[in-house]
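The next block holds one structure in the form of C-alpha cells; read it before the comments.
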Protein chains: 2
Amino acid sequence: MKILIVEDEAKICAYLQQGLNEAGFVVDTSRNGLDAHHLAMTEHYDLIILDVMLPDVDGWTILKALREAGRDIPVLFLTARDSVDDRVKGLELGADDYLVKPFAFAELLARVRTLLRRGINRSTETRLSAADLELDLLSRRVTRAGQRVAITTREFALLELLLRHQNEVLPRSLIASQVWDMNFDSDTNVIDVAIRRLRAKIDDAFEPKLIRTVRGMGYMLDTSGGN
Amino acid sequence: MKILIVEDEAKICAYLQQGLNEAGFVVDTSRNGLDAHHLAMTEHYDLIILDVMLPDVDGWTILKALREAGRDIPVLFLTARDSVDDRVKGLELGADDYLVKPFAFAELLARVRTLLRRGINRSTETRLSAADLELDLLSRRVTRAGQRVAITTREFALLELLLRHQNEVLPRSLIASQVWDMNFDSDTNVIDVAIRRLRAKIDDAFEPKLIRTVRGMGYMLDTSGGN
DNA sequence: GATGGACCATGAAAATCCTCATCGTGGAGG
DNA sequence: CCTCCACGATGAGGATTTTCATGGTCCATC
C-alpha cells in the first residue's frame with residue numbers, strides 16, 4: 001500500500017512517514033502543493049494524506065483538481081484546530097475523512113486503515129446524527145434539538161464512537177480501547193463517569209434519552225425511542 | 001512471530017489478542033497458570049506475556065519453572081498498580097520487562113517489539129538511574145538524593161524517556177511522539193511545561209541539575225555535571 | 001416477596017493537564 | 001559591546017479528567 005503525505009511542517013511530515021513506514025506502508029512525501037499535485041497525477045497512490053494549510057496551493061485546490069481529473073483516490077484531510085468555517089467547504093469537495101490537529105498517531109493509523117479497507121472513496125462524512133442529535137465532525141460541534149452543546153475532546157470521542165455504532169451495544173472494553181487507547185484498568189469507572197457527563201449534556205434536558213445502559217454489557221446509543 | 005498471552009481477565013486477554021493479531025502476530029492465550037506452563041513447555045513461542053496475578057499458579061512460579069527448565073523465552077510481565085514489594089522478587093527471577101496496569105496498548109506493543117528485536121533475554125531492568133536520581137520502574141517510584149519524590153504518570157513517562165537516553169539530546173518531536181503518543185501540535189508548549197514540572201520536582205532543590213535544555217534542539221538528561 | 005450481591009449512577013473533591021501571557025536569556029549581527 | 005529576536009522558562013488560571021464514596025437498581029436465590 002502506497003501513501004502520499006502532503007504536509008509542509010518538516011517534523012510532522014517526518015513523523016508521519018516514519019510511523020506509517022513502521023506500520024508497513026510505502027510512503028512518499030511532499031512539502032508543497034505543486035509537487036504533491038504532480039506526484040498524485042503521475043504516480044499511483046492508494047491514499048493521500050493532505051494538509052490543508054500549505055505554503056503555495058492549498059489542500060482544497062489540490063483535491064479539487066484531482067477530482068476533476070477523475071482521480072478517485074481516498075483523501076484524508078489534516079486540518080488545524082481553529083478556522084472552522086473555512087474548512088467545511090474543502091470537505092464538500094470530496095475528501096473521505098478528516099483529522100483535526102493535534103491528533104494521536106494511533107488515531108491517524110486507524111483512519112488510514114479504514115480508508116484503505118473500504119477501498120475507493122465513499123464520499124464525505126461531515127456529520128453524524130441520531131434522532132435530533134447532531135454532531136459535526138469538522139467543527140467538533142454538537143447540537144441536540146437544535147441547541148448548541150459544549151463538549152470536550154474526550155466526550156466528543158466517546159459520542160462519536162456511540163454514534164458510529166448506533167443501536168449496537170458497546171462493551172466497556174471496546175470503549176476503553178477506542179476512546180482511551182486501550183487502557184483497560186479493570187477497576188476504574190472513568191467510562192461510567194464520562195457517560196455521566198455526556199448524559200448531563202445531551203440527554204438530561206431532552207427526550208428521548210439516547211444513551212442507554214445495557215446492564216452487564218455496556219452502553220449503547222439507542223434511536224428506537226425506548227421499548 | 002508467535003506470542004503466548006497468560007492473563008485471567010477475559011476482557012484484557014481478548015483485547016491483547018486482538019490488538020497483537022492486528023499487529024501481525026500469531027497469538028495463543030491461556031487463562032490460567034497450569035495450561036500456560038504446559039503450552040510454554042510444549043509449543044514454541046517467541047515471547048510470553050505473563051500476568052502475575054493468576055487464579056492458580058502465579059506468574060513468578062511459572063517463570064521460575066521455565067527458567068529452570070532452561071527455556072530462555074523473553075517474558076513480559078504484567079503487574080497490578082499496587083502491591084509493590086511483592087512484585088520485585090518476581091522480576092529478579094528473570095523477566096525481561098514489565099508493564100504496570102493500566103497501560104496503553106501502544107506501550108505494550110512497543111515493548112513487545114523491543115523484546116522481540118533484541119532476541120533472547122537481556123535480564124531485567126528494574127530501575128534506571130543517573131547521578132543520585134533513581135527511578136524504580138516497578139513501583140513507579142522516584143528518588144533524588146535518597147528522597148522520595150512524588151511523580152505523576154506523564155512526568156514518569158517523560159523522565160523514563162530521558163533516563164533511557166541519558167546524554168542524548170531528545171528533540172521535542174521525539175518526546176511528543178513517545179510521551180504523548182505522537183501528538184505533534186506545532187504550537188503548544190505542553191512539553192516545556194511538563195519539563196518545568198519535572199525540574200521543579202527533581203532538579204530545583206538539588207545539584208547537579210540533570211535536565212538540560214539544548215537550545216533549538218530539545219532536552220537532555222545530562223550526567224556530565226555540566227561542562 | 002424478602003435478601004444479598006453485582007452492577008451502575010451520581011456528586012463532589014482532588015489530581016492532573018493544558019493554555020496563555022509574560023518574562024528572561026543566549027546568540028547573531030551590527 | 002549593544003540590540004534585537006527567537007526560543008525557552010515560568011506562574012497562574014482554568015479546564016478537564018480521574019478518583020472516591022455513597023446510594024440506587026436489577027436480578028438470582030432462597
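Each chain gets a letter, A, B and so on, in the order its sequence line appears, and its residues count up from 1.
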Rounded to the nearest 0.5 Å, what's the gap from CE on A/Met217 to CG on A/Leu174? Could you check?
12.5 Å

Distance in angstrom units between [X] [atom1] and [N] [atom2], rounded:
{"X": "B/Asp192", "N": "C/dC17", "atom1": "CG", "atom2": "P", "result": "16 Å"}
{"X": "B/Ile195", "N": "C/dC17", "atom1": "CD1", "atom2": "P", "result": "14 Å"}
{"X": "A/Ile191", "N": "D/dT19", "atom1": "CD1", "atom2": "P", "result": "11 Å"}
{"X": "A/Arg212", "N": "C/dC8", "atom1": "CZ", "atom2": "P", "result": "14 Å"}
{"X": "B/Leu198", "N": "C/dT16", "atom1": "CG", "atom2": "C1'", "result": "14 Å"}
{"X": "A/Glu155", "N": "D/dT18", "atom1": "CD", "atom2": "C1'", "result": "13 Å"}
{"X": "B/Lys201", "N": "C/dC17", "atom1": "NZ", "atom2": "C1'", "result": "12 Å"}
{"X": "A/Arg197", "N": "C/dT10", "atom1": "CZ", "atom2": "C1'", "result": "12 Å"}

Does a side chain donor of either A/Ser177 or A/Arg172 reach within less than 3.5 Å of an acceptor in the other side chain?
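No, because no side-chain N or O of A/Ser177 sits under 3.5 Å from a partner of the opposite role on A/Arg172.
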
In terms of side-chain heavy atoms, does A/Thr223 have a donor or acceptor partner in A/Asn167 at a distance below 3.5 Å?
yes

Hey, does A/Arg215 reach any base, or is it just sugar-phosphate, or nothing, if we go heavy atoms under 4.0 Å?
base

Closest to the [X] side chain: [options]?
{"X": "B/Val190", "options": "D/dT25, C/dA9, C/dC18", "value": "C/dC18"}
{"X": "A/Thr213", "options": "D/dT19, C/dG11, C/dC8", "value": "C/dC8"}
{"X": "A/Asn189", "options": "D/dT17, D/dT10, D/dC20", "value": "D/dC20"}

Looking at B/His38, I want to see if its NE2 is surrounded by more than 12 non-hydrogen atoms of other residues, nucleotides or ligands under 6.0 Å.
no

Can you see if the side chain of [X] gets near the phosphate of [N] - specifically, an N or O under 4.0 Å from OP1 or OP2?
{"X": "A/Tyr219", "N": "C/dA9", "result": "yes"}
{"X": "A/Thr152", "N": "D/dA15", "result": "no"}
{"X": "A/Arg196", "N": "C/dC8", "result": "no"}

By nearest nucleotide on DNA chain C, pick out whichever of A/Val214 and A/Val193 is the more 5' one.
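So the residue in question is A/Val214.
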
Write down the atom of B/Ile175, the atom of B/Leu170, and the distance for their closest heavy-atom approach.
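What the structure gives for the nearest pair is CD1-O, 3.7 Å.
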
